[in-house]
Amino acid sequence: MIDIQYIRENPDLVAQKAAQKGYPVDISHLLELDKIRRDKLTYIESELASRNVHSKWLGKEGGPSSEENREKGRRIKENVARARAELEPIEVEYQEMLRAVPNMPLADVPVGASEDENVVVKTVGAPPEFDFTPRHDYQLGELHDLIDKERAAKIAGSRFAYLKGDLVRLQFALIQFVMGELTNEQLIKKLVDENNLNISTKPFTPVLPPAMLRTEPYRASARLNAEEVTYKIEQDDLWLQASAEHTLCTMYWNEILPEDMFPIRYLGYATSFRREAGTYGKDEEGIFRMHQFDKLEMESFTTPETGLAEHKLHIAIQEHLMQKLGLPYQLLQKCTADIGKPNAAGVDINCWFPGQGKYRETHTADYMTDYQARDLKIRIRRKKRPVSEFAAATGQETAYSGGGDVQLVHTADATAFAMSRTLKAILENFQTRDGHIIVPEILRPFMGGQLQI
RNA sequence: GGAAGGGUGUCCGAGUGGUUUAAGGAAACGGUCUUGAAAACCGUCGUGGGGCAACUCACCGUGGGUUCGAAUCCCACCCCUUCCGCCA
């Protein structure tokens with residue numbers, strides 16, 4: 001969520017930015033509620049203060065604990081109870097409205113009304129030219145007995161699949177490849193340097209997160225989409241995560257972390273679950289849009305000042321991985337309508353799919369600034385500035401010592417590879433006239449040197 | 001599923017109705033000392049809200065209740081740990 005203080009000071013800007021994202025929130029009504037809420041709180045607090053004074057007085061050794069004085073205490077208690085009852089519905093509506101305010105897009109995020117207005121930043125690699133009609137993933141899958149959706153439908157319903165044989169080996173090769181790259185500090189350093197990012201070169205730590213999470217942290221992450229995306233296990237009041245990001249970004253829920261932990265860089269691998277409600281009839285063929293798919297996901301927690309650079313590192317890594325694999329893609333700067341509620345900025349990578357003859361989304365990279373961290377209460381305790389530095393900055397001689405400032409962290413997440421879509425891209429882009437699939441060179445070492453499927 | 005023990009600040013941990021204004025310790029930060037460091041010593045040090053500020057309010061797993069007054073007493077719930085059972 002956004003800082004209410006900021007909304008008070010910049011109501012028009014917040015309203016304007018929310019409208020750009022397509023979230024019509026009534027900021028003036030929110031501020032009215034905020035005003036009423038604060039007035040009531042002020043009253044309650046003054047009553048509580050008088051209660052404290054009064055009861056302390058009564059509690060004194062041999063204090064004047066007469067019936068009259070106890071009656072006075074009871075009156076204060078009644079006032080507080082009444083004011084709290086009045087506050088409650090306002091508090092509920094206030095919290096709801098505050099959470100409904102989307103994050104503010106950064107200044108350079110293009111304003112647009114739909115994903116059609118995302119801006120193509122660059123196109124890398126050329127779509128392969130075939131002297132035959134390229135096959136779709138499901139056709140290639142059928143040829144080599146790699147995908148069985150019919151039996152999966154019998155067992156689990158539509159949008160599920162049994163993946164088999166060399167396709168599975170390809171997935172594990174992909175995982176091995178990415179693990180090797182992102183845990184390699186030399187590579188991170190190279191990408192940091194090439195992009196002039198001036199941030200840590202610390203490698204990513206691989207994580208296998210839980211696949212389920214509770215309502216409270218999920219809601220606080222601003223990622224819970226109960227209507228369209230997320231599956232619920234009613235019996236146990238748990239949700240199935242729709243991305244490793246959901247169980248990674250919530251990992252430090254309600255914590256204050258020491259500065260020397262930062263940046264925290266995780267590479268999560270998890271099976272992800274999506275209801276795909278409202279997509280009936282869309283992308284039904286093949287394995288492009290599934291209820292269940294495996295995904296490698298980057299998640300970083302950073303200091304406020306390095307958040308944007310971290311986001312850029314994620315993008316650099318995504319491009320590096322795509323280029324190593326040899327897949328043609330476009331990098332898109334997402335416009336205000338498409339970045340999503342908690343995002344301040346975001347990019348997509350759309351990979352070329354010869355079967356459809358289109359670029360389709362395979363990656364996304366999100367930068368949330370402190371929006372997620374505020375509700376998740378994930379904070380960093382900064383090291384104290386040295387006294388001399390403090391004195392220079394403030395002109396004060398007083399030693400600036402003791403515990404360090406507490407700030408909200410910044411979060412950024414990004415797809416490394418979504419398995420099913422990447423496998424589909426590999427199948428279709430590296431297919432041959434006779435229906436074989438050339439194994440990308442970089443993956444061959446992880447497939448026993450196998451050249452083709 | 002059965003049983004027991006727990007949940008207090010960044011961490012550990014004391015605290016069974018009113019100087020708790022949450023002890024004490026550790027970590028962290030500043031200083032003294034030192035060639036430098038360590039040690040020792042001195043000092044600072046919970047989070048969140050309101051207020052220009054002095055200051056003030058809340059927070060001891062969560063929600064209710066009792067009381068003039070609750071970390072402390074009562075009720076309900078949640079979570080964690082261990083053991084037994086079942087099980088990959």
Side-chain angles (χ1 to χ4, degrees), chain A residues 1-9 31 33-81 83-85 87-88 90-92 94-95 98 208 210-220 233 235-238 250-262 264 271 301 370 373-394 396-409:
Chain A
M1 62 173 124
I2 293 204
D3 185 5
I4 184 65
Q5 189 76 40
Y6 187 88
I7 300 176
R8 281 176 204 142
E9 287 163 9
L31 289 178
L33 289 173
D34 175 50
K35 178 78 173 68
I36 298 168
R37 177 176 175 271
R38 275 196 292 169
D39 288 347
K40 295 238 179 267
L41 279 176
T42 305
Y43 173 73
I44 289 169
E45 282 173 15
S46 69
E47 285 299 293
L48 287 175
S50 66
R51 181 195 69 179
N52 288 345
V53 169
H54 184 68
S55 63
K56 206 157 282 182
W57 179 57
L58 291 192
K60 278 251 166 61
E61 193 75 26
S65 182
S66 66
E67 177 55 35
E68 195 184 334
N69 282 326
R70 283 203 297 277
E71 179 53 35
K72 190 182 168 201
R74 279 193 282 270
R75 273 203 303 278
I76 295 173
K77 188 158 69 168
E78 278 165 24
N79 289 341
V80 170
R84 279 189 170 150
L87 175 63
E88 200 194 323
I90 290 159
E91 179 72 26
V92 169
Y94 165 78
Q95 291 293 342
L98 181 57
L208 291 174
M212 301 180 197
L213 64 163
R214 297 187 176 129
T215 304
E216 206 183 342
Y218 211 160
R219 185 168 292 144
I233 311 285
Q235 196 180 358
D236 295 292
D237 192 31
L238 287 167
T250 46
M251 189 170 176
Y252 295 109
W253 179 43
N254 264 325
E255 293 193 41
I256 299 175
L257 306 166
E259 183 166 349
D260 53 20
M261 275 178 76
F262 287 80
I264 299 171
T271 302
F301 303 85
D370 60 9
R374 181 165 292 105
D375 212 355
L376 282 168
K377 299 186 181 67
I378 304 176
R379 290 150 295 169
I380 175 173
R381 186 180 301 283
R382 303 308 296 256
K383 288 191 188 302
K384 276 293 180 188
R385 285 161 293 176
V387 171
S388 55
E389 202 181 309
F390 175 77
T394 63
Q396 295 176 30
E397 290 301 319
T398 322
Y400 188 68
S401 57
D405 292 342
V406 173
Q407 298 175 328
L408 293 167
V409 304

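Everything numeric here is computed off the predicted structure, so don't read it as measured data. To find a chain, count down the sequence lines: A is the first, B the second, and so on, and within it residues start at 1.
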What's the gap between [N] and [M] when it is taken at their [atom1] atoms, as a whole Å value?
{"N": "B/rG63", "M": "B/rG46", "atom1": "P", "answer": "24 Å"}
{"N": "B/rC33", "M": "B/rC60", "atom1": "P", "answer": "45 Å"}
{"N": "B/rU10", "M": "B/rG61", "atom1": "P", "answer": "14 Å"}
{"N": "B/rG17", "M": "B/rC74", "atom1": "P", "answer": "12 Å"}
{"N": "B/rA53", "M": "B/rA14", "atom1": "P", "answer": "38 Å"}
{"N": "B/rG36", "M": "B/rG13", "atom1": "P", "answer": "39 Å"}
{"N": "B/rC12", "M": "B/rG6", "atom1": "C1'", "answer": "15 Å"}
{"N": "B/rA3", "M": "B/rG18", "atom1": "C1'", "answer": "39 Å"}

| message | Output the pairing pattern of RNA chain B as a dot-bracket string, 5' first, Watson-Crick or G-U wobble with both distances under 3.5 Å, | for cross-strand pairs, [ ] for crossing pairs. | response | ((((((((.[[[..)..(.....]]].(((((.......))))).(((((....))))).[[[[[..)....]]]]])))))))....
| field | Pair listing, side chain to side chain donor-acceptor pair (under 3.5 Å) test, anchored in residues 44-53 of chain A, at least two apart | value | A/Glu47-A/Asn79
Can you pull every protein N or O that's under 3.5 Å from an N or O on nucleotides 86-88 of chain B?
none

| message | Does A/Arg37 have more than 12 heavy atoms from other residues, nucleotides or ligands lying within 6.0 Å of its CZ? | response | yes
| Closest approach of A/Phe301 to A/Val409 (non-hydrogen atoms, all atoms of both residues) | CD2-CG2, 4.3 Å
| request: Considering non-hydrogen atoms only, spot the tightest contact between A/Leu98 and A/Ile2 and give its length. | output: CD1-O, 3.7 Å
| query | How is A/Lys77 classified with respect to the nucleic acid when contacts are heavy atoms under 4.0 Å: base, sugar-phosphate, or nothing? | reply | base
| field | Expected output: side-chain A/Arg379 to main-chain A/Val406 donor-acceptor under 3.5 Å | value | no
Is there any protein nitrogen or oxygen under 3.5 Å from a nitrogen or oxygen in nucleotides 51-58 of chain B, and what are the pairs?
unit_1	atom_1	unit_2	atom_2	d
B/rG51	OP1	A/Arg38	NH1	2.9
B/rC57	OP1	A/Asn52	ND2	3.3
B/rA58	OP1	A/Arg51	NH2	3.4

| said: Reading RNA chain B from 5' onward, which residue's closest nucleotide shows up sooner: A/Gly73 or A/Asp3? | reply: A/Asp3
| So which one's nearest nucleotide on RNA chain B is more toward 5', A/Arg74 or A/Arg214? | A/Arg74
| Listed partners of A/Met212 passing side chain to side chain contact (heavy atoms under 4.5 Å, CB included), at least two apart | A/Ile233, A/Leu238, A/Leu240
| query | Taking only residues two or more places apart in sequence or in another chain, which ones pass ring pair (Phe, Tyr, Trp, His ring centres under 6.0 Å) with A/Phe262? | reply | none
| note | Separation between OG1 (A/Thr250) and CZ (A/Arg214), nearest 0.5 Å, reads 11.0 Å
| message | Within this structure, what is the CG-CH2 distance for the pair A/Asp375 and A/Trp253, rounded to the nearest 0.5 Å? | response | 10.5 Å
| query | According to a strict under-4.0 Å criterion, is A/Arg381 in side-chain N/O contact with OP1 or OP2 of B/rU47? | reply | yes
